[in-house]
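Order of appearance sets the numbers: ligands from 1, and atoms from 1 within every ligand.
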Amino acid sequence: MCGIFGFVGKRTDAAVMAVEGLKSLEYRGYDSWGVAWKEGDHLSHKKEIGKISGVDGHSLCDVSSLAIGHTRWATHGGVTRENAHPQFNEDKTIAVVHNGIFENYQQLRSELRTKGHTFTSDTDTEVAPHLIEEYLKETGDFAHAVRLACKRFTGRYAILAVHAASETLVAARTGSPLIIGVGEGGYFIASDTPAFQAHTRTVQYLDDGEMVITNGKNILFSDIETGGERTKREIEIPVSEAPSDKGDFAHFMLKEIMDQKESIARAVNQSEQEIETIAEAIRNAKGTFLVGCGTAGKACMAAEYFFSVVAEHHVNFAPASEFKLYHHFLKKESLLIVVSQSGETADVLEAMQVAKSKGAKVLSIVNVKGSSIDRASDYTLCINAGPERAVASTKALTGQLAVLLLIAYALVGRLKEGKKLLLETASMINDMLNPRYVERLTQLADRIKRHENLYIIGKSWNYPMALESAIKIQEVSYIHAEGFAGGELKHGPIALIEDGTPCIVLAGRDEVMPDILSNAVQLRARGALIIGVSPEPNEIFDEWIRVPDAASAQAIVNIIPIQVLAYFLAVQRGKDPDMPRNLAKSVTVK
Ligand code: AGP
């Protein structure tokens, strides 16, 4: 979702670095971009719809030491140049970039209108420079004016503000991430570290309710509410894989699918002590809740089955966006387990706040150390999948599933057995993802790519994987795909089946195999083209995608061919699987 970049210091290529910084945040998903820089005593800017990848920052400005930039994912107002950030006050002396939502922007707009302000965009963001201007008139101090404006905003947000007559960069956050990069020639402020990793790996984290003021030489952290000073540690972040490195692969999505040859084993090779500690916390909790969004949510849903089948232990899944409605069930002895690849998902952060307000402990399973969710958790387990850049989550999902299954085994004293099973599964996946297998899936994509509807069924842990299959196919190929519990077909969805409708059947060699095959028979009787994903063939399958028999880890192996299929459906339909329309990698708004 939206990306933020800011720099102030003694370097004169601030605008150039802003363009490059925004390019490295492209993976988050966006539809327009903009940069504002200080040139002499005024602010210049450039805003465009579309991609920043082909832009040369030198064409903007080579002589600026202060710049802010933004990639926008539209929420309030369409994708237009006027709605792109930075947003300005009327005389363009104050510029603001913003992530998140000012929930009370309508009220602030009407208040500012009565004071004579006019607005040129449909954004909630535009109230910020106007409000700051009002407080600047009152106080004569830019940073103080930003603080007073921030005290008026409700909702989750992160902003960067600059003023034409000041050499300072002012930033504030409540709910959306902002990280400071401590560089040799000045300070960077960004929504994610790749934006400045080419310049520094020394960071300081801004926490919720805090603001920071810097002129490139000095830096001051303070509390938005009280203005009281805060102290911050400097932290060295590890050297990560270059964000733009997709090797010989045409797309990040394919690279990340192939990364699963190693990433699952990395997720499994956790400290056994840590897994045991988590199992103990679940054992002792009076009610364990699992929440996540989208794909991560499907991992949580699969974990309900892992905990039921492997450990006979009851846990409750809720999509993070629904979790606050469960607050009556929470007490201080409850445990919330949140699952998130990015560690920045707003709905998950809100669920955590709900749990914390009841005194419950929060355990997070993330892929990004140092993310907002990691830092707000009582305990964090990292799946170690490595950077995931494609919007479609693939290797993060299998890492999450592996860790959750491992915890289920640990809960009943069978950690070693679970680990052995998962490492064997990882090795079978390594063998499975060979060129012949990929070619087979390319051919299958070719056979079904012209269909506009596609259905996937599963039972037990394959049911959440059917839902996940639908997400994967929808988001990259734009085919209308839906997943169902196999047994639900006869209660309605079967009416959708026509002659030749492709239906994918996810199966395992387990006690529910006869049930899911009989659901497949019902589909076939209505003319469906049956694509079986299963360790064994069956006469009911028109197409058989063979997967290894992985027992209770079957969900992990079954989803992988669907990821590959979704990828080729996208490519063969002429879509860019890495940058699907309307979607963002980090969903930092509710
Ligand atoms: C997955 O392919 C999606 N793009 C999306 O559903 C994603 O899983 C969801 O937004 C949650 O993200 P997170 O794991 O970073 O919290």
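With salt bridges taken as basic N to acidic carboxylate O contacts below 4.0 Å, none links Arg156 and Glu350. For the pair Glu26 and Lys23, the salt-bridge criterion is not met [side-chain N within less than 4.0 Å of a carboxylate O].
Between Gly294 and ligand 1, no N or O atom pair is found at a separation short of 3.5 Å.
When only non-hydrogen protein atoms are considered, atom 15 (O) of ligand 1 lies nearest to Ser342 OG, 2.6 Å. If you check which protein heavy atom lies closest to atom 14 (O) of ligand 1, you get Gln341 N, 2.6 Å. For atom 5 (C) of ligand 1, the nearest non-hydrogen atom of the protein is Thr295 N, 4.1 Å. Protein heavy atom at the shortest distance from atom 10 (O) of ligand 1 is Val587 CG2, 3.8 Å. If you check which protein heavy atom lies closest to atom 11 (C) of ligand 1, you get Cys293 O, 3.3 Å.
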Legend entry - Thr295/Glu468 under side-chain hydrogen bond (donor to acceptor under 3.5 Å, both in side chains): CA gap, chis, key distance, verdict: CA-CA 6 Å; Thr295 294; Glu468 165 59 11; 2.8 Å; yes
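Only the side chain of Thr345 comes within contact range of ligand 1, with a heavy atom under 4.0 Å; no backbone atom does. Only the side chain of Glu475 comes within 4.0 Å of ligand 1, counting heavy atoms alone; its backbone N, CA, C and O stay farther away.
Those atoms of ligand 1 with a heavy atom of Ala296 less than 4.0 angstrom away are 8 (O), 14 (O). In the vicinity of Ala392, heavy-atom distances shorter than 4.0 Å reach the ligand 1 atoms 2 (O). Below 4.0 Å from some heavy atom of Ser393 lie the following atoms of ligand 1, by number and element: 1 (C), 2 (O).
Counted within 6.0 Å of NZ on Lys51, heavy atoms from surrounding residues, nucleotides or ligands total more than 12; the atom is thus considered enclosed. The 12-atom threshold is not exceeded at NZ of Lys324, counting heavy atoms of other residues, nucleotides or ligands nearer than 6.0 Å.
Panel note: side chain Lys395, backbone Pro387; a donor-acceptor pair is recorded below 3.5 Å.
Judged by the shortest distance from any of its heavy atoms, Val391 lies inside the 4.0 Å radius around the atoms of ligand 1. Remark: distances from the non-hydrogen atoms of Val348 to ligand 1 are all 4.0 Å or more. At least one heavy atom of Lys472 sits closer than 4.0 Å to an atom of ligand 1.
Remark: aromatic rings of His251 and Tyr567 are close, center separation under 6.0 Å.
Here the closest non-hydrogen pair linking Ser340 and Gly343 is OG-N, 2.9 Å.
A cation-pi arrangement, defined by a distance under 6.0 Å to the six-membered ring centre and an angle within 45 degrees of its axis, is present between Arg375 and Tyr205.
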